[in-house]
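Everything below concerns the one structure shown next.
Labels below follow one simple rule: chain letters A, B, ... track the order of the sequence lines, proteins then strands, and each chain is numbered from 1.
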Amino acid sequence: MRSFFSALLRSKAGLFGWIILSIFVLAALLAPVLGLDSPVRGSLSARLDPPTWTGLFSPGPHPLGTDQLGRDILSRIIYGSRVTLAVAAAAVILGGIVGVGLGIVAGYFRGMTDRILMRLVDIQLAFPLMLLALLVVAALGPSLRNIIIVLALTSWIRYARIIRGQVLAVREREFVQSARAIGSGTLRIMFRHILPNVLTPALVVGTLELARVIIMDAALSFLGLGVPPPAPSWGRMLADGRTYLSTAWWIVTFPGLAIVLTVLSVNLVGDWLRDYFDPKQRGLK
Amino acid sequence: MIRYLLGKLAESAIAIWGVVTIVFFVTRILGDPSALLLPIGASPEEMARLQADLGLDQPLFLQYLSYLGNIATGDFGQSFQFGRPAMGVVLERMPATMELAFTALILGTLLGVVAGTIAALNRGRLAELVVMLFALLGQATPVFWLGIMLILFFAVDLRWLPTGGYGTPAHLVLPAFTLAVFVSASIARLLRSNLLDVLKEDYVRTARAKGLMPRVILVWHVGRNALIPVVTMIGIIMGELLGGSVVTETVFSWPGVGRLIIQAIETKDFPVIQAGVALIAFIFVVINFAIDLLYGLLDPRIRERR
Amino acid sequence: MTAPLLEVKNLSVVFDTEGGTVHAVNDVSYTIEAGETLGIVGESGSGKSVHVLAMLGLIPRPPGRIVSGSVLFEGRDLLKLSEAELRNIRGGRIGFVFQDPMTSLNPVLTVERQLIEPLTRHEGLSRRKARERAVELLDLVGIPSADRRIGQYPHQFSGGMRQRVMIAIGLACSPKLLIADEATTALDVTVQAQVLDLVRDLKKRFGTTVIWITHDMGVVAGLADNVQVMYGGRIMERGPVRSIFKQPHSAYTWGLLRSLPHGETRLTKRLYQIPGQPPDLTEPPVGDPFAPRNPFATPRCFTETPPLRQIEGMAPGHQVAAWYDLPALLAAEQGTER
Amino acid sequence: MTRPTSATSSADAPLVSVRDLTKHYGGGRGFLGASKFAVKAIDGISFDIAPGETLGLVGESGSGKSTTGRVVLQLESPTGGDVLFRGQSLVGLSPRQLKPFRREMQVVFQDPYAALNPRMTVGDFVAEPLIVHKLAKGSERADRTAELFRRVGLDPAFMKRYPHEFSGGQRQRVNIARAVAMEPSFIVADEPITALDVSIQAQIVNLFQDLQESLGIAYLFVAHDLSMVRYLCHRVAVMLRGRIVEMAPTEAIFTDARHPYTRALLSAIPVPDPDIEANRRHLAYDVDANPPAPDAALREVGPDHFLLA
C-alpha cells in the first residue's frame with residue numbers, strides 16, 4: 001500500500017486524475033447534505049440567470065447560473081453526476097462481470113466455446129456501438145435499468161476480447177500447467193491461478209470503458225434517449241441548452257466541462273493504473 | 001494470402017448476417033408500426049388489412065426469412081414516412097455522411113500521426129507534454145459538446161461560419177474539425193506509445209548498430225511497425241464516426257444517414273431504420289475488410305497465417 | 001609494436017532506475033590487438049554486454065549513463081565522438097551480431113533490404129551493386145540459393161539461417177572489429193557448432209578482430225585467443241585462453257570451471273557449486289564483488305577493491321583482480337585433506 | 001520413506017512405461033473446411049523408467065522432447081499409444097481418476113519465472129498440493145511447508161514473499177519444493193537449469209541429485225545440454241523429429257554412439273578446455289536429407305543399447 005501512494009505521488013497526471021475523480025465522487029455522494037438548491041424545481045423569476053461571478057445582473061446565489069426553468073445549474077450538475085456515475089459504474093461492472101467471465105471461459109476451454117463466443121463478439125463489433133445502443137434503448141424504452149443494460153451490452157465485448165487474449169497467454173504459463181500437474185480442479189485453476197492474473201488488465205479495461213460509457217450515456221441523453229426526466233442528466237442539459245446558445249452560454253458550457261473533467265480524470269487514473277501494474281514499467285523509468 | 005483473404009471474407013459475411021438479424025429483431029420490439037400508419041379511429045379490419053399487406057400477421061420466423069430474402073436484393077421495403085423504397089431514401093443521405101466521416105478521418109489521421117510522432121521523438125520535452133495534453137483533452141471531450149462549443153464561438157459569437165447545415169465547404173469546416181480532434185487524439189496517443197515500444201525493439205538496435213541515419217530508422221524500421229496497430233485503430237475509429245453520426249449530424253444539422261435514423265426512430269419508420277443501420281454496418285464491415293487487407297500487406301507474417 | 005585496435009580505460013556505466021542507481025559497469029580497462037579474438041565471459045548482470053553497447057552509444061540514455069572512461073578505437077575516443085561520427089563507425093568499421101536473430105531482424109522488411117542498408121550507407125554502393133554484394137555475403141555465410149532467398153522475410157528462415165543473415169549484416173562492410181553478443185545462445189547445439197565453424201573460418205580468411213560475448217565457457221575455449229571474465233560489472237581475470245583455463249587465479253573463474261561437468265558421471269563426484277546468489281548492483285558490494293560468495297575471501301576482499309594486475313610466473317597478459325593467491329590456497333587445502 | 005535409492009536395472013518392473021506414444025498437432029478440419037497439415041510432435045516412441053532411475057531425454061528444439069514430458073504426465077492427451085504408471089494405463093482417464101496418480105508424478109519446468117504464480121506467495125504456492133490432496137491442514141500444513149523450504153535450501157522465513165522478490169535460482173528451488181511436496185516417485189524435469197545463470201546451475205543439479213538419493217525419485221530429465229545429462233542420467237534417449245533414434249546407458253551413448261545424429265550432437269557440445277576444442281571437428285548431420293525413416297524401429301545393438309534402424 002505504501003508503494004501505491006509513493007508511486008501515485010511520483011506521477012503528477014495520476015495524482016491529478018485521482019483528485020478530480022475523488023472530488024466528483026464525493027460531491028455526488030454528499031449531494032443531499034451540501035445545502036444545494038433543488039435540481040428539479042426552479043423558480044420562473046430566476047430563469048436564465050447568468051453565473052454570479054460574471055458580474056452581470058444575477059439576483060440569486062447561482063454560481064453557475066440557472067437554466068430556462070430557473071433551476072440552479074451547479075445543483076443540477078452535482079445531482080446529475082449521481083445519476084451519470086451510478087449508471088456508468090453499474091454498466092461497467094455489469095459488463096465487466098459478463099465480459100471477464102466469458103473471456104475466461106473462452107480462453108480457458110478454447111475450442112468450440114471460444115469460437116462461438118468470438119464470432120458473437122465479431123458480430124457485435126461490426127455493429128457501431130452507438131447505433132446498437134440507440135436501437136436497443138429505442139426498443140426497450142429509456143429507463144434507468146434499460147440504460148444500464150444497454151451500456152453494459154456495449155461494454156462486455158472489450159473485456160471479453162482482452163481477457164480472452166490474456167487467458168490464452170496465462171493458461172500456457174507454466175504455473176497453470178503445474179497446477180494441473182498437482183491435480184488441481186478446473187475451478188481452482190480458474191479462480192486461484194488465472195483470475196488473479198487477469199484482474200489487472202480487467203481493471204485497466206474497466207477504467208477505459210468507464211470513460212467511454214460516461215460519454216455514451218451523455219450522448220444518449222443528448223438525443224433524448226437517456227434516463228428520463230425529471231432526473232437531471234448532463235447530456236440532456238446540453239440538449240436543452242442548445243436552444244439558448246446565443247443568450248445563455250452557461251447552460252451548455254458547464255455540464256460539458258463536467259463531462260470532460262470526469263472522463264479526463266478517469267482516463268488519467270486508468271493510464272496510471274496500467275503503468276502501476278505493469279512490471280515492465282516499474283523499476284525501470 | 002488467399003486463404004487469409006477467404007477467411008476474412010467469411011468472417012465479414014457472418015458479421016453482416018449477424019447485424020441484419022439483430023436489426024430485424026430489435027426493430028420488432030420497437031412496436032407495431034401499423035398503429036402509426038393509419039389515421040386515428042381506423043377500424044380493426046383496416047388495421048388487419050394493413051398488417052397483412054406489411055406481412056406483419058405472419059409468424060416472426062417467416063417474417064425473418066422473407067426479410068433476409070428481400071434484403072439480399074437490397075429491398076428493405078417502403079419507407080412509411082416517405083412512401084419510397086427505404087434503401088433509396090438512405091442512399092440519398094449516404095454521401096453527406098461519408099463526406100463528413102472521410103474528411104474527418106483523413107484530417108484527423110494526418111494530424112494524429114504528426115502529433116504522435118512529435119511526442120514520441122521529444123520524450124520528456126515540452127512538445128510531448130503539449131501533444132499529450134491535447135490528446136488527453138481530445139479523448140475526454142464528447143464530440144457533441146465540442147461541436148456546440150465551436151458553434152457557440154465561431155458561429156454564434158464570431159459569425160465566421162454557419163451554425164449548421166450542408167452544402168458549401170464552409171458548412172463542412174466545423175463538423176469535420178470537431179470529429180478530427182477526436183480522431184487525432186486517439187491516433188496520437190496510440191502512435192506515441194507504439195513508437196516508444198518499437199524504439200525498444202532489438203531490431204531497432206540492430207538498425208542503429210548498422211549506423212543508419214535516424215530518418216531511415218524512423219521511417220523504415222520504426223514507423224512501419226508502429227503504424228500496424230494504428231491501421232487497426234482506424235477501423236475502430238471508423239465505427240465510432242459512422243455510429244456517432246447520429247449525434248454529430250444532430251448537432252450540426254447535417255443531413256446524413258445519422259439524422260435520418262434518429263427521425264426514423266421517432267416515427268417508427270422500420271424500413272428506414274433497418275436500411276440505415278444495415279447500410280452503415282455493411283460499410284463498416286467493408287472498411288474493416290479493407291483494413292485487414294492492408295494489415296496483411298504491411299505485415300508479411302500475417303499473410304502466411306491461417 | 002603498433003597501437004592496439006581498441007583501448008578501453010576506466011569505463012563505468014550506470015543505469016538510473018526507480019529502485020536506485022544500478023552500477024552496471026565499474027572501472028573496466030582493457031585492450032584488444034588487431035586480429036585478436038577476445039572472449040568476454042560472464043553471467044547476466046556481469047556488465048559484459050552493457051559495456052560494449054555503451055561505448056558505441058547503443059544503450060538507451062536515459063536510463064543509461066556513462067560515468068567515466070575513454071575508449072580509443074583507431075586512435076579516436078569513441079566516448080567523445082558525436083552521434084553522427086559514431087554512426088559512421090557503427091556498421092562500417094565495427095560490425096555487430098546480436099543474440100536473438102528472431103527479434104534482432106526487422107520482421108516486416110526483406111532480408112535484402114536489411115542486408116543492403118549498411119552497404120549503401122557506408123560503402124556508397126548503388127542499390128544494384130549492393131544487392132550483388134549482398135548475395136555474395138549470403139553465399140559467404142553459407143546460405144544456399146542466396147539469390148532466391150534474399151527476397152524473403154526473416155520469419156521464412158530457420159534460427160540458424162537467421163543468425164547467418166545477422167553475421168552477413170555484421171560483416172557487410174568488412175569491419176575492423178566484429179562484436180558478437182551471445183550470438184549463439186539462442187541456437188541449438190549443432191547449429192551453434194556450425195555457426196562457430198563459420199566464424200572461425202571467416203576470421204581466418206579476413207583477419208577480423210572479434211569480441212565474442214557469451215556466458216558459455218565451452219564456446220570461449222574453442223574460439224578465443226584471450227579471455228576476459230567479468231562479474232558484478234568488473235573484470236575478475238583476463239589473459240590467454242590456455243593460461244586461464246589451465247590455471248585460473250580468480251576464485252570466480254575457478255568456481256565456474258569446476259562447476260561444469262568435464263565428461264564425468266555422477267558416480268565419480270558431486271559437482272562443485274558456487275554458493276549464494278549474484279550481487280544486487282543497486283548496492284554494489286564494497287571491495288571484491290565476488291567476495292560474499294568466495295570461500296577463499298580474505299578480510300581485505302570485503303573492504304578494498306583489488307586492482308587488475310599481471311600474475312607473476314604466468315603467461316604475459318594473464319591478469320587477475322584478487323587479494324588472495326588462489327593456487328597457493330588450493331595447494332594448502334589439498335595438503336590438509338591428505 | 002524407504003525406497004530404493006540407487007538405480008535398479010531395467011529388468012525390474014518399470015515405474016513408467018511409454019508405449020508407441022504419438023502426439024500430432026493440427027490435422028483437424030480448419031475454418032471453411034480446409035484440412036490442415038498435422039505436425040507430428042511425437043511419432044511413436046517407447047521407453048521405460050525404473051524406480052529411482054534418471055532417464056535423460058535429449059534433442060534440439062522441435063524434437064518433441066518437451067512435448068513427451070507433458071504427454072507422459074497427461075498434461076496433454078496423446079494422439080495414440082499408451083503411458084503406464086506402475087502398470088496402470090493413464091491414457092483416457094478423467095481428471096478425477098488421474099488425481100491419485102498426480103501425487104506420484106510431478107514436474108519442474110524450464111523457466112522459473114513463468115513457473116511461479118506471480119499473484120501467490122511462494123509459501124501458498126508450495127503448499128497448494130497439500131491443500132488439493134487434503135494432506136495437511138492449519139499449522140501442520142505450515143510446518144510441512146517450512147520443512148519443504150528447508151529441504152530445498154530456502155529459508156522458511158521467505159514463505160510470505162511473492163515470486164518477484166526472488167532470483168532465478170531461488171525460484172527454481174521453490175518449484176522443486178512444490179514438486180516434492182507430495183513425495184512423488186517420479187518427476188519430469190523439463191530443462192530445469194537452462195534458464196539459470198551458470199554459477200547457479202550446479203546448485204540446482206546437486207539439489208536434484210540429493211532429492212533422488214534421499215527420496216528415491218525417478219526423473220525424466222529433458223535437456224539439450226549433454227554434459228549435464230552425462231553427469232546426471234543413468235540412461236539417455238536421443239530424440240530427433242519426434243522419434244527416439246538411439247537409447248542406451250549413459251556411458252554407452254558417450255563412448256559408443258551408433259547413430260550419426262547422436263555423434264553429430266556429441267561433437268557439437270562445446271567443452272571448456274582449449275586443447276580439446278582446438279582439435280575438434282564438428283560432425284554435421286543434415287536432418288532434412290536423412291529424416292528418421294517412418295518404418296524404422298528400435299533394435300538392440302548392445303547391452304541395453306537401442307538404435308533406430
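For the pair D:R119/A:N197, a side-chain contact is recorded, criterion being any heavy-atom separation below 4.5 Å from C-beta on. Counting heavy atoms from C-beta outward, A:R180 and D:L73 have side chains that stay 4.5 Å or more apart. The shortest side-chain heavy-atom distance between A:S178 and D:R178 falls under the 4.5 Å cut-off. A:Q177 places none of its side-chain heavy atoms less than 4.5 Å from the side chain of D:V107.
In this structure, chain A has no heavy atom under 4.5 Å from any part of D:H164. Within the 4.5 angstrom heavy-atom criterion, only side-chain atoms of D:D124, from C-beta onward, approach chain A. Contact annotation for D:L75: both backbone and side-chain heavy atoms come within less than 4.5 Å of a heavy atom of chain A. With a threshold of 4.5 angstrom between heavy atoms, D:P95 does not approach chain A through any atom at all. Heavy atoms of D:M105 lying under 4.5 Å from chain A belong exclusively to its backbone.
Heavy-atom neighbours of A:R161 CZ from other residues, nucleotides or ligands within 6.0 Å: at or below the threshold of 12.
Atom CD1 of A:I182 and atom CZ of D:R103 lie 12.5 Å apart (nearest 0.5 Å). One distance of note links CD1 of A:I189 with CG of D:N117; it measures 11.5 Å at 0.5 Å rounding. Distance check, rounded to the nearest 0.5 Å: CD of A:E174 to CG of D:L116 gives 10.0 Å. The line from CZ of A:R173 to OH of D:Y113 is 12.5 Å long, rounded to the nearest 0.5 Å. Atom CZ of D:F109 is separated from atom CZ of A:F175 by 11.5 Å, given to the nearest 0.5 angstrom.
A salt bridge links A:R188 and D:E128; the closest N-O separation between the charged side-chain nitrogens and carboxylate oxygens is under 4.0 Å.
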Exercise for review: Kindly indicate, with the supporting measurements, whether the criterion side chain to side chain contact (heavy atoms under 4.5 Å, CB included) is fulfilled by D:F125 and A:R192.
Suggested key: CA-CA 10 Å; D:F125 194 67; A:R192 288 285 286 167; over 6 Å; no
